[in-house]
Amino acid sequence: MTNKNITWFKAAPITAFPENGGACVKYNDKQIAVFHFKQLDKWYATDNECPHKHQMILSRGMIGDQQGHPKVACPFHKKTFSLETGLNLQGEDYCINVYPVKIEEGFVFIGV
Amino acid sequence: MTQPLKVVVVGNGMVGYKFCEKLLTKAGGGSFSITVIGEEPRPAYDRVHLSAYFSGTSAEELSMAPASWYLDNGIRLLTGECVTQIDPQARVVVTHTGLQIPYDKLILATGSSAFVPAVAGVEKEGVFVYRTIEDLDAIIAYAKNAKRAAVIGGGLLGLEAAKAALDLGLETQVVEFAPRLMPRQLDAAGADMLKSKMEQLGIGIHLNKNTAFFDGDVAVRGLSFTDQSYLEADMVIISAGIRPRDELAKQAGLAVGPRGGIIVDDALTTSDAHIHAIGECALYQNMIYGLVAPGYEMADIVATNLVSGRIDKTFKPFDMSTKLKLIGVDVASFGEPFCEHIPHNTLVIEDKLKGIYKRLNVSSDGKYLLGGILVGEADNYNMLLQMTKNQMILPPSPEDLILAPRKGEATAGAGVSALPESASVCSCENITKGTICEAIESQNLADVAAIKKCTKAGTGCGGCVPMLSDLLTETLKKQGKTIKKVICEHFDYSRQELYHLIKMSETRTFEEVLTAHGKGCGCEVCKPAVASMLASIYNEVIAKQAVIQDTNDRYLANIQRGGTYSVVPRVPGGEITPDQLIALGVVAKKYDLYCKITGGQRVDLFGARVEQLPLIWEELIEVGFESGHAYGKALRTVKSCVGSTWCRFGVQDAVGYAIRIENRYKGIRAPHKLKSAVSGCTRECAEAQSKDFGIIATEKGWNLYLCGNGGIKPQHAVLFASDLDDDTCIKYIDRFLMFYIKTAEPLQRTATWFNKLEGGLEYLRDVIINDSLGICDELEKEMAYLIETYHDEWRVAVETPEIRSRFTHFVNSEEADPSLQFVEMRTQKRPADW
Ligand code: SRM
Ligand SMILES: Cc1cc2nc3c(=O)[nH]c(=O)nc-3n(C[C@H](O)[C@H](O)[C@H](O)COP(=O)(O)OP(=O)(O)OC[C@H]3O[C@@H](n4cnc5c(N)ncnc54)[C@H](O)[C@@H]3O)c2cc1C
Ligand code: SF4
Ligand code: FES
């Protein structure tokens, strides 16, 4: 991740997001999935679109870990992606973008 | 320093890929520079499982290895590039874009193409072959506007194409030139049985048909046969055999067979010492091997010899045994299926009722198995094949090998332990039992996936996977280890154990359960499993722990293509008033929902956006509807026939009883969904015998059937008890359901649960009727608790602001998901394609 030229987009108050689950944020024409991984005390943001069949859905996916590595599973066909790197964990060719997140004064900011 | 040897592979199909993989592992890197040229737009994929593409397996999943694999291993891969010329003198190949690539060794792995008979009109629109992903894309696209498909060819591939056409919703007919189906694998009786099975699946079979011409103007309209008959079809798939792709070899002056194929010797060398041919393009002893296993063997031989620089390994005539993976119909033929010129005795079992035909050819001294044919059931295929290949001595009564084992008995003489260590279990990768067992022991492998990864066994056609699982069980047993089905990496317990622990520790949330009994953070496997157990034990509102529910349960609706949801209100017993019907129509119209009568006697409204769900349900609840739990692993429908309410044959009030049952068990969560039905007499119009629990009226009361299943692997329910009165029948169902809920694996339906239940039907009767475990009181109490605590989930959702507010697409905007797209179809809407 590079720090240059990050625009921080103020998405919503932290209370708008479920604990240990995801919700979708609209940023211009983009859809970004935000996950509050409370068990790890971390926040993640990724594309909302699942690259498998191009469905706008990842925010409704279940999160969890694989050998300690945080991941999200797409509800449609259960493809799983790393929340850290966006790589597909089944070893398939497609992956998702991940975005930095910061919390300030009770608000979730996404680096776009 | 010597230059690395330049190896060029033409063709990046299954065999071309396998060759690269074998060469890499054997050479260990360094001494070869490998270039692979493939004409298809993507790297090699699993053609054997091509049909899975129709059921949603993506091109990526079918891929043998991603493009990055070639890169990482230093292989130069050119896709979408066709070799048009070989210059054997200069040792250069030329591609269609003009690339010139020199080689020291050239490997032709050009495979074959579908054989297209020279029949007038084959060029018409709507005529397809079945070989590549692009062929399938074209078929899928064309099928959208087609109704009737004809498949030319009744062999292995033709029948697979037919099943695919059927799955695309087409009326499907198979046309075969020979007097029987699969003439190369089956005898007349076996082929007959297969024919009736295919016809039951809804596929028409036309034998002895020679196509004269394809009829139609621009697009095909039908087939005209030489016997003057005619078959209407707006789409044709030709699957009448393969033709080896030897055009390059011919042009280069290599020897080819009179009917095609690049002639090779024992070392797979062509008539030019620097060129080898492997896979479906190679002609060995006048034979083209149209299967993947011999192709892999060829790849292995050429790779081995290249690395050693001498001829260490040679090819031998290969076993052509096959098992067809058509859904619903098992067909296998192994060893010498016909034994035309070999003295032998045959043993035949034929069950027309069940559609089973089995033939074994036994040596005339009665000691060995020579080969055989299996239609309708091929569970023992792997074992029989091994007995044939390894010349194992037959048990005293070989018929036991093909008789269905009676419940509770093991199949005679057929345990994997009887196999010699040298038995080749996976013929695609040529891996022996010894190697597999050794790997299991030395590397502590615990599941089939690990065996696949470590030994590569089971990664080809997949036919040996059941045997791998048997070998695993057997080896672990020998080591004194028990094999436990654990839920996932986060819980070291079976579902039954965890269920018990949750109850004992009175843990009520996923977090509590994880802290007390698990590790890590959980995942998409254990979260819904635990959610289901919590619901079965405490029956609290599932929406309170929304993030551990599968998407369908999280939004109390089934998610569909495109991301909208379906709405299915409960209609107990299928009885519905005119006012309720009108109300459904009014709501559907208002929210522009697609309407369909389901196979479960109720109405499904599709296409609701997530933020519309509470609004729709609010209106439905107002007119008296409740959640139908179409999204949950819970009771779905209790179908009923009209019974004595109207029907002149009805002996009991089936509708009334179905309503009582549906209302009793609605909302109860189970390891998998539950279905039931009540029929008013033995004519069985409600199909109760295909349900998890089904009830059929008799003059004296009710017959109760348990553990039936429609779906993927249909199974009739077994008659559990007869002539029960209303209350006894319900008492037995209470106990049965609770017993299942407490002991099944996650996502295991009652039929599979029952099949694994040691002691079978007798045991189940003992537990439920005779209370042999002394748990019936407890089961009834637990069931009573679930019934008492029933709540309509949708009512709770719309009435609880905190839950209701979650039904939005965005958290920072009121807007609906702008990516949703619909198209019109038969005057209603449907989502745009993936
Ligand atoms: C709507 C319906 C088809 C229809 O248009 O008629 C349907 C639709 C679906 N079925 Fe079904 N099944 C429907 C009747 C059936 C039946 C017939 C019946 O119930 O009498 C069967 C065979 C009987 C059986 O289950 O034993 C059936 C066997 C399946 C199976 C295979 C189950 C199995 O054990 O093999 C699945 C997959 C699964 O559950 O894992 C499935 C799964 C599905 C899913 C949930 C697939 C999905 O995830 O999208 C579909 C949801 C549609 C939706 O959004 O509402 N559906 N499905 C039927 C709804 C009945 C209802 O009113 O609730
Ligand atoms: C629907 C279907 C189901 C099947 N089911 C089974 C089964 O159950 N069991 C089984 O054992 N087998 C099955 N087979 C057969 C199996 O797929 C083949 O035996 C296997 O794919 C052969 O591999 P190959 O590499 O020799 O040929 P292919 O997989 O055909 O690969 C050859 C490749 O070479 C390319 N090529 C050809 N000429 C050139 C050129 N001049 N330049 C560049 N590239 C070129 C082709 O485009 C192709 O990609 C099935 C086949 C099909 C179509
Ligand atoms: S409704 Fe059932 S049978 Fe039809 S496509 Fe969906 S899951 Fe398959
Ligand atoms: S759309 Fe996400 S896994 Fe298929």
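Numbers restart at 1 for each chain; the letters A, B, ... are given by sequence-line order, proteins then strands. Bear in mind the structure is a predicted one, so any value in this text is a computation, not a measurement.
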Task: Axial cation check for Tyr555(B) ring with Arg60(A), 6.0 Å and 45° limits - done: yes

TODO: Output the option from Glu19(A), Lys53(A), Lys26(A) having the highest count of non-hydrogen pairs under 4.5 Å with chain B.
DONE: Lys26(A)

Task: Flag for Asp550(B)-Tyr631(B): side-chain donor and acceptor within less than 3.5 Å - done: no

Task: Contact leader toward chain A among Glu60(B), Glu61(B), Gln560(B), Glu489(B), where contacts are heavy-atom pairs under 4.5 Å - done: Glu489(B)

Open item on the list: Using heavy-atom distances under 4.5 Å, tell me whether Glu511(B) contacts chain A through its side chain, its backbone, both, or neither.
Closed with: side chain

Task: Engaged part of Ala16(A) at the chain B interface, taking heavy atoms whose separation is under 4.5 Å - done: both

- [ ] Could you verify whether a donor N or O on one side chain and an acceptor N or O on the other, from Thr800(B) and Glu802(B), lie under 3.5 Å apart?
- [x] no

Task: Summary of side chain to side chain donor-acceptor pair (under 3.5 Å) pairs that have at least one residue in residues 515-528 of chain B, sequence neighbours excluded - done: Lys71(A)-Glu524(B), Ser505(B)-His517(B)

TODO: Please flag which part of Ile32(A) lies under 4.5 Å from any non-hydrogen atom of chain B: side chain, backbone, both or neither.
DONE: neither

Open item on the list: Taking the cut-offs as 6.0 angstrom to the six-membered ring centre and 45 degrees off its axis, would you call Lys10(A) and Phe109(A) a cation-pi pair?
Closed with: no

Open item on the list: I'd like to know which of Cys24(A), Gly22(A), Gly21(A) tops the heavy-atom pair count under 4.5 Å against chain B.
Closed with: Cys24(A)

- [ ] Check whether any side-chain heavy atom of Glu49(A) lies under 4.5 Å from a side-chain heavy atom of Ile96(A), and answer yes or no.
- [x] no

Open item on the list: For Tyr565(B) and Asn552(B), which I'm curious about, is there any donor-acceptor pair between the side chains at under 3.5 Å?
Closed with: no

- [ ] Tell me, for Asn48(A) versus chain B, whether the close heavy atoms (under 4.5 Å) come from the side chain, the backbone, both or neither.
- [x] side chain

Open item on the list: For Tyr594(B), does the six-membered ring have the charged nitrogen or CZ of Lys829(B) within the cation-pi criterion, i.e. under 6.0 angstrom from the centroid and within 45° of the normal?
Closed with: no

Task: Basic-acidic side-chain contact under 4.0 Å: Arg42(B), Glu40(B) - done: no

Open item on the list: Heavy-atom cut-off 4.5 Å, strictly under: side chain, backbone, both or neither for Thr80(A) against chain B?
Closed with: side chain

TODO: For the pair Lys633(B) and Asp553(B), find out whether any cationic side-chain nitrogen is under 4.0 Å from an anionic carboxylate oxygen.
DONE: no

Open item on the list: Measuring only between side-chain heavy atoms, which start at C-beta, is Leu24(B) closer than 4.5 Å to Ile75(B)?
Closed with: yes

Task: Pair Gln31(A)-His809(B), side-chain donor/acceptor within less than 3.5 Å - done: yes

- [ ] Against chain B, label Ile63(A) side chain, backbone, both or neither, depending on which of its atoms sit under 4.5 Å from a heavy atom there.
- [x] both

TODO: Measure Val610(B) against the heavy atoms of chain A and call it side chain, backbone, both or neither at under 4.5 Å.
DONE: side chain

Task: Gln67(A) versus chain B, the contacting section by heavy-atom distance below 4.5 Å - done: both

Open item on the list: For chain A, which candidate among Cys488(B), Pro66(B), Ser63(B) shows the most heavy-atom pairs at distances under 4.5 Å?
Closed with: Pro66(B)

Task: Contacting region of Leu514(B) [heavy-atom separation from chain A under 4.5 Å] - done: side chain

Open item on the list: Looking at chain A, which one of Gly520(B), Gly522(B), Ala67(B) has the largest number of heavy-atom pairs inside 4.5 Å, strictly under?
Closed with: Gly522(B)

Open item on the list: For residues 810-817 of chain B, give me every residue with a non-hydrogen atom less than 4.5 Å from any non-hydrogen atom of chain A.
Closed with: Phe810(B), Val811(B), Asn812(B), Ser813(B), Glu815(B), Asp817(B)

Task: Tyr44(A) and Glu84(A) side chains, donor-acceptor separation under 3.5 Å - done: yes

